[in-house]
Amino acid sequence: MKFKDSDGKCSALVWIVNSKGKIRRLKHRGPDWSGLHQHGDCYLAHQRLAIVDPASGDQPLFNEDKSVVVTVNGEIYNHEELRKKLVNHKFRTGSDCDVIAHLYEEYGEDFVDMMDGIFSFVLLDTRDNSYIVARDAIGVTSLYIGWGLDGSVWISSEMKGLNDDCEHFECFPPGHLYSSKTGVFRRWYNPPWFSEAIPSVPYDPLVLRRAFENAVIKRLMTDVPFGVLLSGGLDSSLVASITARYLAGTKTAKHWGSQLHSFCVGLENSPDLKAAREVAEYLGTVHHEFHFTVQDGIDAIEDVIYHIETYDVTTIRASTPMFLMSRKIKSLGVKMVISGEGSDEIFGGYLYFHKAPNKDEFHHETCRKIKALHQYDCLRANKATSAWGLEARVPFLDKQFINVAMSIDPESKMIKKDEGRIEKWILRRAFDDEEHPYLPKHILYRQKEQFSDGVGYSWIDGLKAHADQHVTNKMMRNASNIFPHNTPTTKEAYYYRMIFERFFPQNSARLTVPGGATVACSTAKAVEWDSAWKNNLDPSGRAALGVHLSAYNAETPLSNMPSKVIDNIPRMIEVPGVAIQS
């Protein structure tokens, strides 16, 4: 999207692009339709991936007299309920996103919080040439904003849609609205947990269970074939279990049948592929298992960095198998998948949470992790799938579910081994149903393994060895001079940074990627929980010294670890649909 000031008034709007050459850069996100609308020197362009009402929901979308124009990326799950509130409006399509223009007419700029879903949209009011831009609560959909020297304002779903045309650009903040009338960002998403005040609602397993079931069920809204990503880990297995349980009674089942399809990718002969296969057999899904090699992943790294638009080490490690799997899934004719991102942030599932000193610190860290999701797991899930015209939906990041889960007294989330409470205990307990089990016990209570380890030891060691061939010690000595911002501290990080800078050389681009100290995917603040971590900074779960069964020093390669330790390393992966053997 581009806005351009001519005579002091904002009079130009472009969604993603103002030329055919630009729009092709994002065609991978929406191969089903290319839409372009011009109003004066205002342009709205859109690449559509048709999920709901594929026959008539092409964009841009309009109100009755076409004075309000909308382009949107996302899904509005409560669109049928919203239509009932707009009885005096006439809808042009059956698209879930068709409600946006009419909500604006009825409620002005204050309608965004009425929508339940994931979205990034631009709305142009041609009556006064004003516009608004908004992004969903957590940032499941990606969005960027940029400013040109000519006074223009650009909005794009990906950085590559505007980086060459803007003097400065940045991530559009989740849960915010930008209005041309004020020229400032305003946060529309203001849940109770955002203040990080310590909640006190007692834990009720049935309330938590029902809230998550509702989150999954509403995401079954689709007019095209879909499936679930299944790794055999807790989060993706719960998503698959609930989907399989409730699919039969939905409109989707009437169109596509009640047989659920599940997808997993891994290194060949991985025992974790066996775990996913076991869950699939238990649930009765049609299971699709894809294999890749370490070399396949290495060969894809440049494409992954181009599409994911980051140089963050853990995100790239995790995105690569998901990127490869998405291509396979799309080739089967599937256009939407349901995934398990967000659980670890909400429930403190990362292994470093074992060291949380008290419930206050535990809760503050979960709040910080949720607020940063748009820079990490949401970025990966959205762009790794969109690279192949596939949509990922994430029920753990449902607004209502987050409100329920984050209102629980964090004392209930604390990890207490002496009481048999491992990480995410309250989620596991909520779905521990003896009469109508959701999952086998050993799956429900399996210990957490984060993706950068599960995809992990041979995958990560292969990446490190590859980087070592391309980055010399001399290059590392000069790293702070070459990359003064977020200086890479490992050869792997340096290698990714070189590729990123080749695609996105602007200073604004490098500023979109977060940095700072981390251990086992913690925030910099949580590193303070254990003095031993300060000298062992690494995103791997194995860096959680004193917690992980195979805790290691960040400088110790796997080949130098005792064989007894390696033999006892649990290999379960937490990225949905990804399961890889060490």
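The structure displayed is predicted, hence computed values, not measured ones.
- The aromatic rings of Y131 and Y178 lie parallel to each other, with less than 30° between the two planes, well short of the 60° mark.
- Applying the salt bridge (Lys or Arg N to Asp or Glu O under 4.0 Å) rule to pairs touching residues 505-521 yields E501-R510, sequence neighbours excluded.
- Within the 6.0 Å centre-distance limit, the rings of F401 and F212 are counted as a close aromatic pair.
- With D96 contributing its side chain and I76 its backbone, the two residues share a donor-acceptor pair below 3.5 Å.
- Between the side chain of N63 and the backbone N or O of E105, no donor-acceptor pair lies under 3.5 Å.
- Of all heavy-atom pairs between N382 and S142, the closest is OD1-OG, 3.2 Å.
- The side chain to side chain contact (heavy atoms under 4.5 Å, CB included) search around E302 returns I499, R502, F503, not counting sequence neighbours.
- Residues K90 and H102 fail the side-chain proximity criterion, which asks for heavy atoms closer than 4.5 Å.
- In this pair, Y352 and Y350 present their aromatic rings parallel. The plane angle is below 30°, not in the 30 to 60° band.
- The closest side-chain heavy-atom distance from K330 to K335 is below 4.5 Å.
- Residues passing the salt bridge (charged side-chain N to carboxylate O under 4.0 Å, His left out) test with E196 are K371, sequence neighbours excluded.
- Considering every non-hydrogen atom in both S130 and S180, the closest pair reads CA-OG, 3.3 Å.
- The side chain to side chain contact (heavy atoms under 4.5 Å, CB included) test applied to A372 returns Q375, Y376, not counting sequence neighbours.
- Take N78 and apply the side-chain hydrogen bond (donor to acceptor under 3.5 Å, both in side chains) test, not counting sequence neighbours, and it matches no residue.
- A salt bridge links K160 with E309: the distance from a Lys NZ or Arg NE/NH1/NH2 to an Asp or Glu carboxylate oxygen falls below 4.0 Å.
- In this structure, the separation between CD on E345 and OG1 on T523 is 11.5 Å, given to the nearest 0.5 Å.
- For R368, the salt bridge (charged side-chain N to carboxylate O under 4.0 Å, His left out) partners two or more places apart in sequence, or in a different chain, are E365.
- Counting heavy atoms from C-beta on, the side chains of F62 and T126 never come closer than 4.5 Å.
- With sequence neighbours excluded, the residues forming a side chain to side chain contact (heavy atoms under 4.5 Å, CB included) with Q38 are Y43, listed by chain and number.
- Side-chain contact between P191 and I402: absent, with no pair of heavy atoms (C-beta onward) separated by less than 4.5 Å.
- No side-chain heavy atom of L44 sits under 4.5 Å from any side-chain heavy atom of Q59.
- For D398 and Y77, the side-chain atoms include no donor-acceptor pair closer than 3.5 Å.
- Under the 3.5 Å distance criterion, with hydrogens and angles disregarded, a donor-acceptor pair is assigned to the side chains of S152 and W154.
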Go through it in stages, so that I can follow the logic: the residues are D98 and R83, the test is side-chain contact (heavy atoms from CB on, under 4.5 Å), and I'd like the CA-CA distance, side-chain angles, deciding distance and then a yes or no. CA-CA 9 Å; D98 208 357; R83 285 173 184 259; 3.8 Å; yes
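- At a cut-off of 3.5 Å, with distance as the only test, a side-chain donor of E341 or S339 sits close to an acceptor on the other residue.
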Chi angles and distances behind the side-chain contact (heavy atoms from CB on, under 4.5 Å) call for V133, L143: CA-CA 10 Å; V133 188; L143 195 64; 3.9 Å; yes
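- Partners of W193 according to the side-chain hydrogen bond (donor to acceptor under 3.5 Å, both in side chains) rule, which considers only residues two or more places apart in sequence or in another chain, are Y189.
- Contact detail for G161 and S156: the closest heavy-atom pair is CA-OG, 3.5 Å.
- Applying the side-chain hydrogen bond (donor to acceptor under 3.5 Å, both in side chains) rule to T366 yields no partners; only residues at least two apart in sequence or on another chain are considered.
- A 6.0 Å sphere centred on NZ of K218 holds more than 12 heavy atoms belonging to other residues, nucleotides or ligands.
- The aromatic rings of W147 and H168 lie parallel to each other, with less than 30° between the two planes, well short of the 60° mark.
- From S157, atom OG reaches atom CG of L26 across 6.5 Å, with rounding to the nearest 0.5 Å.
- Each of F504, F500, Y494 was compared with Y311 under the ring-ring contact (aromatic ring centres under 6.0 Å, His included) criterion, and only F500 meets it.
- Residues R317 and L463 are in side-chain contact: their nearest non-hydrogen atoms beyond the backbone lie under 4.5 Å apart.
- In this structure, T518 contributes its side chain and S522 its backbone to a donor-acceptor pair below 3.5 Å.
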N486 vs R497, side-chain contact (heavy atoms from CB on, under 4.5 Å): CA-CA, chis, key distance, verdict: CA-CA 10 Å; N486 282 346; R497 186 64 172 272; 3.9 Å; yes
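- Between the SG atom of C97 and the NE2 atom of H79 there is a distance of 9.0 Å, given to the nearest 0.5 Å.
- Not a single donor-acceptor pair under 3.5 Å links the side chain of S386 to the backbone N or O of K383.
- For the pair R187 and F194, the cation-pi test (distance below 6.0 Å, angle within 45°) is passed.
- With hydrogens and angles disregarded, no donor-acceptor distance shorter than 3.5 Å links the side chain of D136 to the backbone of G117.
- No side-chain heavy atom of F323 sits less than 4.5 Å from a side-chain heavy atom of S319.
- Between H39 and K66, every side-chain heavy-atom pair lies at or beyond the 4.5 Å cut-off.
- With sequence neighbours left out, N478 forms a side-chain hydrogen bond (donor to acceptor under 3.5 Å, both in side chains) with no residue at all.
- At distances below 3.5 Å, not a single donor-acceptor pair connects side-chain atoms of E109 with backbone N or O atoms of I132.
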Set out, in order, the CA-CA distance, both residues' side-chain angles and the distance that settles side-chain contact (heavy atoms from CB on, under 4.5 Å) for T385 and E391, then state yes or no. CA-CA 6 Å; T385 53; E391 178 182 272; 6.0 Å; no
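- Partners of K369 by salt bridge (charged side-chain N to carboxylate O under 4.0 Å, His left out), not counting sequence neighbours: none found.
- For the atom pair I100 CD1 and M114 CE, the distance stands at 12.0 Å (nearest 0.5 Å).
- Closest of all the heavy-atom pairs between I316 and T320 is O-OG1, 2.9 Å.
- Although no hydrogens or angles enter the test, the distance criterion places a donor-acceptor pair under 3.5 Å between the side chain of T252 and the main chain of L220.
- D377 contributes atom CG, which lies 7.5 Å from atom SG of C521 (distance to the nearest 0.5 angstrom).
- H374 is linked by a side chain to side chain contact (heavy atoms under 4.5 Å, CB included) to R135, P174, counting only residues two or more places apart in sequence or in another chain.
- Within a 6.0 Å sphere centred on CD of E81, heavy atoms belonging to other residues, nucleotides or ligands number more than 12.
- Here the straight-line distance linking atom CE of M322 with atom CD1 of I329 works out to 8.0 Å at 0.5 Å rounding.
- At least one donor-acceptor pair under 3.5 Å links the side chain of H470 to the backbone N or O of H466.
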